[in-house]
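Written out below as C-alpha coordinates is the structure these notes cover.
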Protein chains: 2
Amino acid sequence: MPSRATYHHGDLHRALLVAAEAELIEKGIEGFTLRGVARRAGVSHAAPAHHFKDTAAMLTALAAVAAKRLTETTTRRREAAPHDPRSRFLASGAGYIDFALENPALFMLLFGSGRPDSDDPELVRHAGAAFTDLVDRIAAITGKDPLADAEGRLDVAAAWSLVHGVASLLIAGRMKSLRPTTDADRDAWLRRLIERILPD
Amino acid sequence: MPSRATYHHGDLHRALLVAAEAELIEKGIEGFTLRGVARRAGVSHAAPAHHFKDTAAMLTALAAVAAKRLTETTTRRREAAPHDPRSRFLASGAGYIDFALENPALFMLLFGSGRPDSDDPELVRHAGAAFTDLVDRIAAITGKDPLADAEGRLDVAAAWSLVHGVASLLIAGRMKSLRPTTDADRDAWLRRLIERILPD
DNA sequence: TCACTAGTCTTTACGACGTAAACATGGCAC
DNA sequence: GTGCCATGTTTACGTCGTAAAGACTAGTGA
(Lines give C-alpha, C1' and ligand atoms only; values in the text may rest on other atoms or scores of the structure.)
Protein backbone atom coordinates (compact mmCIF):
# COMPACT_ATOMS: atom_id res chain seq x y z
CA MET A 1 0.00 0.00 0.00
CA PRO A 2 2.62 2.57 0.96
CA SER A 3 4.81 3.53 -2.01
CA ARG A 4 8.26 4.82 -1.27
CA ALA A 5 11.64 4.86 -3.05
CA THR A 6 13.31 2.75 -0.39
CA TYR A 7 11.87 -0.04 1.70
CA HIS A 8 13.29 1.55 4.82
CA HIS A 9 12.08 5.04 5.51
CA GLY A 10 15.26 6.49 6.96
CA ASP A 11 13.88 8.82 9.59
CA LEU A 12 10.48 7.46 10.39
CA HIS A 13 10.60 8.32 14.09
CA ARG A 14 10.82 12.02 13.37
CA ALA A 15 8.43 11.79 10.44
CA LEU A 16 5.87 10.11 12.67
CA LEU A 17 6.06 12.90 15.21
CA VAL A 18 5.50 15.47 12.49
CA ALA A 19 2.59 13.46 11.11
CA ALA A 20 1.21 13.00 14.60
CA GLU A 21 1.12 16.73 15.20
CA ALA A 22 -0.68 17.29 11.91
CA GLU A 23 -3.14 14.55 12.78
CA LEU A 24 -3.75 16.03 16.21
CA ILE A 25 -4.28 19.52 14.83
CA GLU A 26 -6.62 18.36 12.10
CA LYS A 27 -8.63 15.71 13.92
CA GLY A 28 -8.37 16.87 17.50
CA ILE A 29 -7.48 14.67 20.41
CA GLU A 30 -10.68 12.68 19.96
CA GLY A 31 -10.17 11.86 16.32
CA PHE A 32 -6.48 11.13 16.73
CA THR A 33 -5.65 7.78 15.21
CA LEU A 34 -2.48 5.73 15.01
CA ARG A 35 -3.47 4.41 11.62
CA GLY A 36 -4.13 7.94 10.45
CA VAL A 37 -0.65 8.99 11.50
CA ALA A 38 0.85 6.02 9.65
CA ARG A 39 -1.11 6.91 6.50
CA ARG A 40 0.07 10.50 6.76
CA ALA A 41 3.68 9.31 7.00
CA GLY A 42 3.16 6.94 4.07
CA VAL A 43 3.87 3.72 5.91
CA SER A 44 1.82 0.69 6.86
CA HIS A 45 -0.40 0.96 9.91
CA ALA A 46 1.84 -1.32 11.93
CA ALA A 47 5.10 0.49 11.22
CA PRO A 48 4.79 2.97 14.12
CA ALA A 49 4.92 0.09 16.59
CA HIS A 50 8.68 -0.13 16.03
CA HIS A 51 9.10 3.47 17.18
CA PHE A 52 6.33 3.96 19.73
CA LYS A 53 5.09 1.20 21.98
CA ASP A 54 1.47 2.21 21.51
CA THR A 55 -0.76 5.23 20.93
CA ALA A 56 -0.21 6.56 24.43
CA ALA A 57 3.56 6.49 23.95
CA MET A 58 3.26 8.45 20.73
CA LEU A 59 1.06 11.04 22.42
CA THR A 60 3.52 11.20 25.30
CA ALA A 61 6.36 11.98 22.92
CA LEU A 62 4.21 14.61 21.26
CA ALA A 63 3.37 16.12 24.64
CA ALA A 64 7.09 16.38 25.38
CA VAL A 65 7.51 18.30 22.13
CA ALA A 66 4.66 20.56 23.19
CA ALA A 67 6.22 21.22 26.59
CA LYS A 68 9.55 22.00 24.97
CA ARG A 69 7.91 24.42 22.56
CA LEU A 70 5.97 26.07 25.37
CA THR A 71 9.17 26.76 27.28
CA GLU A 72 10.83 28.07 24.14
CA THR A 73 7.92 30.44 23.55
CA THR A 74 7.93 31.92 27.05
CA THR A 75 11.73 32.19 27.00
CA ARG A 76 11.76 33.96 23.65
CA ARG A 77 9.09 36.42 24.78
CA ARG A 78 10.86 37.11 28.02
CA GLU A 79 14.19 37.78 26.31
CA ALA A 80 12.54 40.25 23.95
CA ALA A 81 10.95 42.17 26.83
CA PRO A 82 12.35 45.11 28.82
CA HIS A 83 14.66 43.86 31.52
CA ASP A 84 12.74 44.88 34.59
CA PRO A 85 11.27 41.90 36.50
CA ARG A 86 7.65 42.92 36.07
CA SER A 87 7.88 43.34 32.31
CA ARG A 88 9.63 40.02 32.03
CA PHE A 89 6.95 38.33 34.09
CA LEU A 90 4.20 39.81 31.95
CA ALA A 91 5.97 38.81 28.76
CA SER A 92 6.50 35.26 29.96
CA GLY A 93 2.86 34.94 30.96
CA ALA A 94 1.66 36.38 27.66
CA GLY A 95 3.93 33.88 25.93
CA TYR A 96 2.26 31.03 27.80
CA ILE A 97 -1.13 32.21 26.61
CA ASP A 98 0.07 32.85 23.07
CA PHE A 99 1.44 29.34 22.87
CA ALA A 100 -1.95 28.02 23.88
CA LEU A 101 -3.76 30.14 21.32
CA GLU A 102 -1.36 29.19 18.54
CA ASN A 103 -1.21 25.50 19.47
CA PRO A 104 -4.55 24.73 21.05
CA ALA A 105 -4.40 21.04 20.24
CA LEU A 106 -0.92 20.64 21.71
CA PHE A 107 -1.88 22.68 24.77
CA MET A 108 -4.94 20.53 25.41
CA LEU A 109 -2.92 17.38 24.87
CA LEU A 110 -0.38 18.61 27.40
CA PHE A 111 -2.73 19.78 30.13
CA GLY A 112 -6.29 18.82 29.41
CA SER A 113 -6.16 15.15 28.59
CA GLY A 114 -5.00 12.25 30.65
CA ARG A 115 -3.53 10.54 27.62
CA PRO A 116 0.19 11.29 27.81
CA ASP A 117 2.10 9.45 30.53
CA SER A 118 2.87 12.28 32.93
CA ASP A 119 5.75 10.31 34.47
CA ASP A 120 7.68 10.13 31.24
CA PRO A 121 11.20 11.50 31.92
CA GLU A 122 11.39 13.58 28.76
CA LEU A 123 8.00 15.11 29.42
CA VAL A 124 8.83 15.74 33.06
CA ARG A 125 12.06 17.43 32.04
CA HIS A 126 10.47 19.89 29.61
CA ALA A 127 7.42 20.58 31.76
CA GLY A 128 9.72 21.13 34.71
CA ALA A 129 11.67 23.71 32.72
CA ALA A 130 8.46 25.68 32.09
CA PHE A 131 7.66 25.56 35.79
CA THR A 132 11.15 26.65 36.75
CA ASP A 133 10.87 29.59 34.40
CA LEU A 134 7.69 30.71 36.16
CA VAL A 135 9.28 30.39 39.59
CA ASP A 136 12.29 32.38 38.42
CA ARG A 137 10.11 35.21 37.11
CA ILE A 138 8.44 35.48 40.52
CA ALA A 139 11.73 35.20 42.39
CA ALA A 140 13.04 38.14 40.38
CA ILE A 141 10.12 40.24 41.55
CA THR A 142 9.97 39.27 45.20
CA GLY A 143 13.69 38.86 45.66
CA LYS A 144 13.42 35.51 47.39
CA ASP A 145 12.87 31.86 46.56
CA PRO A 146 9.10 31.50 46.15
CA LEU A 147 9.23 27.81 46.99
CA ALA A 148 10.82 28.45 50.36
CA ASP A 149 7.65 29.42 52.23
CA ALA A 150 3.88 29.09 51.99
CA GLU A 151 3.38 32.69 50.91
CA GLY A 152 5.78 32.29 48.02
CA ARG A 153 4.15 29.06 46.94
CA LEU A 154 0.87 30.92 46.98
CA ASP A 155 2.39 33.52 44.66
CA VAL A 156 3.38 30.79 42.24
CA ALA A 157 0.07 28.97 42.43
CA ALA A 158 -1.91 32.16 41.87
CA ALA A 159 0.16 33.33 38.91
CA TRP A 160 0.18 29.97 37.21
CA SER A 161 -3.52 29.48 37.83
CA LEU A 162 -4.52 32.79 36.37
CA VAL A 163 -2.41 32.40 33.26
CA HIS A 164 -3.40 28.79 32.77
CA GLY A 165 -7.06 29.60 33.35
CA VAL A 166 -7.08 32.40 30.78
CA ALA A 167 -5.39 30.15 28.26
CA SER A 168 -7.79 27.27 28.86
CA LEU A 169 -10.93 29.36 28.75
CA LEU A 170 -9.82 31.27 25.66
CA ILE A 171 -9.07 28.02 23.85
CA ALA A 172 -12.39 26.55 24.86
CA GLY A 173 -14.08 29.62 23.41
CA ARG A 174 -15.73 30.50 26.70
CA MET A 175 -14.47 34.05 26.92
CA LYS A 176 -15.98 35.45 23.77
CA SER A 177 -18.11 37.95 25.68
CA LEU A 178 -15.26 39.13 27.90
CA ARG A 179 -12.22 39.55 25.71
CA PRO A 180 -11.61 42.45 23.32
CA THR A 181 -13.03 41.98 19.85
CA THR A 182 -9.93 42.92 17.88
CA ASP A 183 -6.73 40.92 17.94
CA ALA A 184 -4.76 44.15 18.20
CA ASP A 185 -6.14 44.78 21.68
CA ARG A 186 -5.48 41.25 22.82
CA ASP A 187 -1.94 41.72 23.98
CA ALA A 188 -2.73 44.78 26.09
CA TRP A 189 -5.76 42.99 27.49
CA LEU A 190 -3.65 39.99 28.46
CA ARG A 191 -1.13 42.20 30.19
CA ARG A 192 -3.75 43.99 32.22
CA LEU A 193 -5.15 40.61 33.17
CA ILE A 194 -1.82 39.20 34.25
CA GLU A 195 -0.94 42.39 36.12
CA ARG A 196 -3.74 41.62 38.54
CA ILE A 197 -1.92 38.63 39.90
CA LEU A 198 1.55 40.14 40.13
CA PRO A 199 3.11 39.64 43.57
CA ASP A 200 4.27 42.83 45.28
CA MET B 1 -27.88 -11.22 25.94
CA PRO B 2 -29.36 -8.68 28.38
CA SER B 3 -31.76 -10.29 30.84
CA ARG B 4 -34.50 -8.17 32.25
CA ALA B 5 -38.02 -8.78 33.63
CA THR B 6 -39.68 -6.79 30.89
CA TYR B 7 -38.71 -6.38 27.28
CA HIS B 8 -39.03 -2.64 27.58
CA HIS B 9 -36.81 -1.03 30.15
CA GLY B 10 -39.16 1.68 31.31
CA ASP B 11 -36.76 4.50 32.07
CA LEU B 12 -33.76 3.77 29.94
CA HIS B 13 -32.99 7.40 29.13
CA ARG B 14 -32.30 8.20 32.76
CA ALA B 15 -30.60 4.87 33.38
CA LEU B 16 -28.26 5.52 30.48
CA LEU B 17 -27.22 8.88 31.89
CA VAL B 18 -26.46 7.27 35.24
CA ALA B 19 -24.51 4.50 33.53
CA ALA B 20 -22.71 7.04 31.36
CA GLU B 21 -21.51 8.95 34.40
CA ALA B 22 -20.22 5.76 35.99
CA GLU B 23 -18.51 4.81 32.75
CA LEU B 24 -16.91 8.25 32.48
CA ILE B 25 -15.68 8.19 36.06
CA GLU B 26 -14.29 4.69 35.78
CA LYS B 27 -12.79 4.75 32.29
CA GLY B 28 -12.10 8.42 31.82
CA ILE B 29 -13.05 10.43 28.79
CA GLU B 30 -10.63 8.41 26.65
CA GLY B 31 -11.98 5.01 27.58
CA PHE B 32 -15.58 6.11 27.43
CA THR B 33 -17.57 3.74 25.26
CA LEU B 34 -21.18 3.67 24.12
CA ARG B 35 -21.21 -0.10 24.24
CA GLY B 36 -19.80 0.02 27.73
CA VAL B 37 -22.62 2.29 28.83
CA ALA B 38 -25.16 -0.07 27.28
CA ARG B 39 -23.61 -3.06 29.05
CA ARG B 40 -23.69 -1.16 32.33
CA ALA B 41 -27.38 -0.41 31.83
CA GLY B 42 -28.07 -4.04 30.91
CA VAL B 43 -29.32 -3.41 27.39
CA SER B 44 -28.05 -4.25 23.95
CA HIS B 45 -25.37 -2.07 22.47
CA ALA B 46 -27.77 -0.51 19.98
CA ALA B 47 -30.46 0.42 22.48
CA PRO B 48 -28.96 3.84 23.36
CA ALA B 49 -29.47 4.98 19.78
CA HIS B 50 -33.17 5.43 20.49
CA HIS B 51 -32.39 7.92 23.26
CA PHE B 52 -29.18 9.59 22.09
CA LYS B 53 -28.39 10.18 18.44
CA ASP B 54 -24.77 9.17 18.91
CA THR B 55 -21.93 9.17 21.43
CA ALA B 56 -21.45 12.94 21.18
CA ALA B 57 -25.11 13.50 22.00
CA MET B 58 -24.83 11.32 25.08
CA LEU B 59 -21.76 13.19 26.25
CA THR B 60 -23.51 16.47 25.59
CA ALA B 61 -26.40 15.45 27.80
CA LEU B 62 -23.93 14.37 30.46
CA ALA B 63 -22.14 17.70 30.19
CA ALA B 64 -25.43 19.47 30.76
CA VAL B 65 -25.87 17.44 33.94
CA ALA B 66 -22.36 18.45 34.97
CA ALA B 67 -23.04 22.13 34.35
CA LYS B 68 -26.25 21.91 36.34
CA ARG B 69 -24.47 20.24 39.23
CA LEU B 70 -21.68 22.80 39.13
CA THR B 71 -24.17 25.63 39.47
CA GLU B 72 -25.92 23.82 42.29
CA THR B 73 -22.64 23.39 44.13
CA THR B 74 -21.61 27.04 43.92
CA THR B 75 -25.12 28.15 44.86
CA ARG B 76 -25.24 25.87 47.87
CA ARG B 77 -21.84 27.05 49.09
CA ARG B 78 -22.74 30.69 48.60
CA GLU B 79 -25.99 30.34 50.52
CA ALA B 80 -24.18 28.72 53.44
CA ALA B 81 -21.63 31.55 53.62
CA PRO B 82 -21.79 34.82 55.60
CA HIS B 83 -23.85 37.36 53.76
CA ASP B 84 -21.18 39.93 52.96
CA PRO B 85 -20.30 40.08 49.25
CA ARG B 86 -16.67 39.08 49.68
CA SER B 87 -17.45 35.98 51.72
CA ARG B 88 -20.08 34.97 49.22
CA PHE B 89 -17.64 35.42 46.35
CA LEU B 90 -15.01 33.32 48.11
CA ALA B 91 -17.54 30.61 48.92
CA SER B 92 -18.81 30.47 45.36
CA GLY B 93 -15.28 30.22 44.00
CA ALA B 94 -14.34 27.53 46.47
CA GLY B 95 -17.49 25.68 45.42
CA TYR B 96 -16.37 25.80 41.80
CA ILE B 97 -13.04 24.24 42.74
CA ASP B 98 -14.63 21.71 45.06
CA PHE B 99 -16.93 20.59 42.29
CA ALA B 100 -13.92 20.04 40.07
CA LEU B 101 -12.08 18.07 42.74
CA GLU B 102 -15.10 15.93 43.53
CA ASN B 103 -16.10 15.39 39.90
CA PRO B 104 -12.88 15.57 37.93
CA ALA B 105 -14.20 13.51 35.05
CA LEU B 106 -17.33 15.62 34.68
CA PHE B 107 -15.31 18.82 34.99
CA MET B 108 -12.92 17.75 32.27
CA LEU B 109 -15.79 16.65 30.08
CA LEU B 110 -17.40 20.04 30.52
CA PHE B 111 -14.38 22.25 29.96
CA GLY B 112 -11.42 20.28 28.77
CA SER B 113 -12.70 18.18 25.91
CA GLY B 114 -14.23 19.24 22.67
CA ARG B 115 -16.63 16.33 22.72
CA PRO B 116 -19.90 17.80 23.97
CA ASP B 117 -21.73 20.04 21.53
CA SER B 118 -21.25 23.44 23.12
CA ASP B 119 -24.23 24.86 21.24
CA ASP B 120 -26.68 22.46 22.83
CA PRO B 121 -29.49 24.57 24.36
CA GLU B 122 -29.67 22.61 27.60
CA LEU B 123 -25.92 22.82 28.05
CA VAL B 124 -25.87 26.51 27.20
CA ARG B 125 -28.64 27.13 29.69
CA HIS B 126 -26.91 25.48 32.65
CA ALA B 127 -23.44 26.78 31.78
CA GLY B 128 -24.93 30.23 31.41
CA ALA B 129 -26.39 29.99 34.89
CA ALA B 130 -22.96 29.30 36.34
CA PHE B 131 -21.56 32.28 34.48
CA THR B 132 -24.38 34.53 35.64
CA ASP B 133 -23.71 33.47 39.22
CA LEU B 134 -20.10 34.58 38.88
CA VAL B 135 -21.07 37.92 37.39
CA ASP B 136 -23.57 38.47 40.19
CA ARG B 137 -20.94 37.78 42.85
CA ILE B 138 -18.70 40.42 41.34
CA ALA B 139 -21.54 42.88 40.87
CA ALA B 140 -22.32 42.58 44.56
CA ILE B 141 -18.77 43.61 45.40
CA THR B 142 -18.23 46.42 42.93
CA GLY B 143 -21.79 47.72 43.03
CA LYS B 144 -22.15 47.91 39.27
CA ASP B 145 -22.80 45.64 36.30
CA PRO B 146 -19.42 44.09 35.50
CA LEU B 147 -20.41 43.48 31.89
CA ALA B 148 -21.13 47.16 31.28
CA ASP B 149 -17.54 48.30 30.77
CA ALA B 150 -14.13 46.90 29.90
CA GLU B 151 -12.83 47.17 33.45
CA GLY B 152 -15.74 45.13 34.78
CA ARG B 153 -15.28 42.49 32.11
CA LEU B 154 -11.65 42.31 33.16
CA ASP B 155 -12.79 41.67 36.73
CA VAL B 156 -14.92 38.79 35.54
CA ALA B 157 -12.26 37.35 33.25
CA ALA B 158 -9.61 37.50 35.97
CA ALA B 159 -11.76 35.91 38.64
CA TRP B 160 -13.02 33.14 36.41
CA SER B 161 -9.56 32.46 35.04
CA LEU B 162 -7.95 32.15 38.44
CA VAL B 163 -10.60 29.84 39.82
CA HIS B 164 -10.76 27.79 36.65
CA GLY B 165 -6.99 27.58 36.48
CA VAL B 166 -6.65 26.36 40.05
CA ALA B 167 -9.31 23.75 39.46
CA SER B 168 -7.73 22.53 36.22
CA LEU B 169 -4.21 22.34 37.55
CA LEU B 170 -5.28 20.64 40.77
CA ILE B 171 -7.20 18.02 38.83
CA ALA B 172 -4.29 17.45 36.48
CA GLY B 173 -2.11 16.85 39.53
CA ARG B 174 0.28 19.63 38.58
CA MET B 175 0.11 21.51 41.86
CA LYS B 176 1.36 18.84 44.19
CA SER B 177 4.40 20.87 45.18
CA LEU B 178 2.44 24.07 45.77
CA ARG B 179 -0.70 23.13 47.62
CA PRO B 180 -0.89 22.28 51.33
CA THR B 181 -0.31 18.66 52.17
CA THR B 182 -3.31 18.13 54.39
CA ASP B 183 -6.87 18.32 53.19
CA ALA B 184 -7.76 20.30 56.30
CA ASP B 185 -5.68 23.24 55.11
CA ARG B 186 -7.06 23.10 51.61
CA ASP B 187 -10.08 25.29 52.16
CA ALA B 188 -8.11 28.07 53.81
CA TRP B 189 -5.51 27.81 51.07
CA LEU B 190 -8.15 28.12 48.38
CA ARG B 191 -9.63 31.17 50.03
CA ARG B 192 -6.28 32.91 50.26
CA LEU B 193 -5.74 32.11 46.61
CA ILE B 194 -9.10 33.47 45.49
CA GLU B 195 -8.68 36.55 47.66
CA ARG B 196 -5.84 37.62 45.42
CA ILE B 197 -8.16 38.20 42.52
CA LEU B 198 -10.97 39.94 44.39
CA PRO B 199 -11.97 43.20 42.73
CA ASP B 200 -11.85 46.24 45.03
C1' DT C 1 -62.31 -5.48 22.37
C1' DC C 2 -59.18 -5.54 18.97
C1' DA C 3 -56.21 -4.44 15.34
C1' DC C 4 -52.70 -1.24 14.21
C1' DT C 5 -49.31 2.10 14.72
C1' DA C 6 -45.40 3.97 16.72
C1' DG C 7 -41.91 3.53 19.95
C1' DT C 8 -38.51 0.62 22.25
C1' DC C 9 -35.20 -3.00 22.23
C1' DT C 10 -32.42 -6.81 19.79
C1' DT C 11 -29.91 -8.84 16.07
C1' DT C 12 -27.04 -8.61 12.39
C1' DA C 13 -23.76 -6.39 9.57
C1' DC C 14 -19.97 -3.29 8.09
C1' DG C 15 -15.93 -0.56 8.13
C1' DA C 16 -12.32 1.48 11.14
C1' DC C 17 -9.41 1.12 14.99
C1' DG C 18 -5.42 -0.76 18.27
C1' DT C 19 -2.50 -4.38 18.93
C1' DA C 20 0.08 -8.63 18.21
C1' DA C 21 2.41 -12.13 15.47
C1' DA C 22 4.45 -13.85 11.43
C1' DC C 23 6.93 -12.55 7.58
C1' DA C 24 10.02 -9.59 4.25
C1' DT C 25 13.82 -6.48 3.49
C1' DG C 26 18.25 -4.59 3.63
C1' DG C 27 21.81 -1.75 6.55
C1' DC C 28 25.70 -2.69 8.99
C1' DA C 29 29.05 -4.94 12.09
C1' DC C 30 32.17 -8.42 11.89
C1' DG D 1 30.92 -11.45 2.08
C1' DT D 2 27.73 -13.04 5.41
C1' DG D 3 24.57 -13.06 8.89
C1' DC D 4 22.16 -10.53 12.39
C1' DC D 5 18.53 -7.64 13.65
C1' DA D 6 16.28 -3.20 13.30
C1' DT D 7 12.79 -1.64 10.33
C1' DG D 8 8.85 -2.20 7.55
C1' DT D 9 4.62 -5.18 5.73
C1' DT D 10 0.94 -8.47 5.94
C1' DT D 11 -2.39 -10.90 8.24
C1' DA D 12 -5.36 -11.66 12.02
C1' DC D 13 -8.34 -10.80 16.07
C1' DG D 14 -11.32 -8.47 19.17
C1' DT D 15 -13.68 -4.02 20.06
C1' DC D 16 -15.80 0.08 18.72
C1' DG D 17 -19.63 3.29 16.44
C1' DT D 18 -23.30 3.27 13.51
C1' DA D 19 -26.98 1.74 10.44
C1' DA D 20 -30.66 -1.36 8.96
C1' DA D 21 -33.90 -4.80 9.71
C1' DG D 22 -36.48 -7.67 12.75
C1' DA D 23 -38.97 -8.65 17.53
C1' DC D 24 -41.80 -7.06 20.99
C1' DT D 25 -45.29 -4.16 23.38
C1' DA D 26 -47.79 0.03 25.05
C1' DG D 27 -51.22 2.87 23.77
C1' DT D 28 -54.59 4.68 20.46
C1' DG D 29 -58.65 4.89 17.87
C1' DA D 30 -62.48 2.28 15.87
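Keep in mind that what you see is a predicted model, and the values were worked out from it rather than measured. In what follows, chains are A, B, ... by sequence order, proteins preceding strands, each numbered from 1.
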Quiz item: Can you tell me how far C1' of C/dC17 sits from CD of B/Glu30, to the nearest Å?
Solution: 16 Å
Quiz item: Where does the angle between the aromatic ring planes of B/Phe111 and B/Phe107 fall among parallel (under 30°), tilted (30 to 60°) and perpendicular (over 60°)?
Solution: tilted
Self-check item: Spacing between B/Glu23 atom CD and D/dG17 atom C1', to the nearest angstrom
Solution: 14 Å
Quiz item: Is there side-chain contact between B/Thr60 and B/Phe52, with at least one heavy-atom pair below 4.5 Å?
Solution: no
Quiz item: When the distance from CE of B/Met58 to C1' of D/dC16 is rounded to whole Å, what number comes out?
Solution: 14 Å
Quiz prompt | Selected nucleotide, minimal atom distance to A/Arg39 side chain, candidates C/dC9, D/dT9, C/dC17 | solution = C/dC17
Practice problem: Give me the one residue out of A/Val18, A/Leu123, A/Leu24 that meets side chain to side chain contact (heavy atoms under 4.5 Å, CB included) with A/Leu62. | Solution: A/Leu24
Quiz prompt | Nearest listed nucleotide, side chain of B/Ala47, among D/dT9, D/dA12, C/dC9 | solution = C/dC9
Self-check item: From C/dC9, D/dT18, D/dA12, nucleotide with atom closest to B/His50 side chain
Solution: C/dC9
Self-check item: A/Thr33, nearest nucleotide to its side chain (from C/dC9, C/dA13, C/dG18)
Solution: C/dG18
Exercise. Just compare D/dA12, D/dA20, D/dG8 and give me whichever is closest to any side-chain atom of B/Ala46.
Key: D/dA20
Quiz item: When the distance from NZ of A/Lys27 to C1' of C/dA16 is rounded to whole Å, what number comes out?
Solution: 11 Å
Quiz item: Considering only side-chain heavy atoms of A/Arg35, which listed nucleotide, C/dT10, D/dT9, C/dG18, is closest?
Solution: C/dG18
Self-check item: Gap between atoms CG and C1', on A/Leu59 and C/dC17 respectively (whole Å)
Solution: 14 Å
Quiz prompt | Candidates C/dT19, D/dT7, C/dT11 - which lies nearest the side chain of A/Thr55 | solution = C/dT19
Quiz item: Is there a side-chain polar atom (N or O) of B/His51 under 4.0 Å from OP1 or OP2 of C/dC9?
Solution: yes
Self-check item: Whole-Å distance separating the CG atom of B/Asp54 from the P atom of D/dT18
Solution: 5 Å
Quiz prompt | Separation of atom NE2 in A/His45 from atom P in C/dT19, rounded to whole Å | solution = 11 Å
Quiz item: Is any side-chain N of the basic residue among A/Glu26 and A/Arg40 closer than 4.0 Å to the acidic one's carboxylate O?
Solution: yes
Quiz item: With a 3.5 Å cut-off and no angle check, do the side chains of B/Thr142 and B/Asp155 form a donor-acceptor pair?
Solution: no
Self-check item: Nearest-angstrom distance from the residue atom NE2 of A/His13 to C1' of D/dA6
Solution: 14 Å
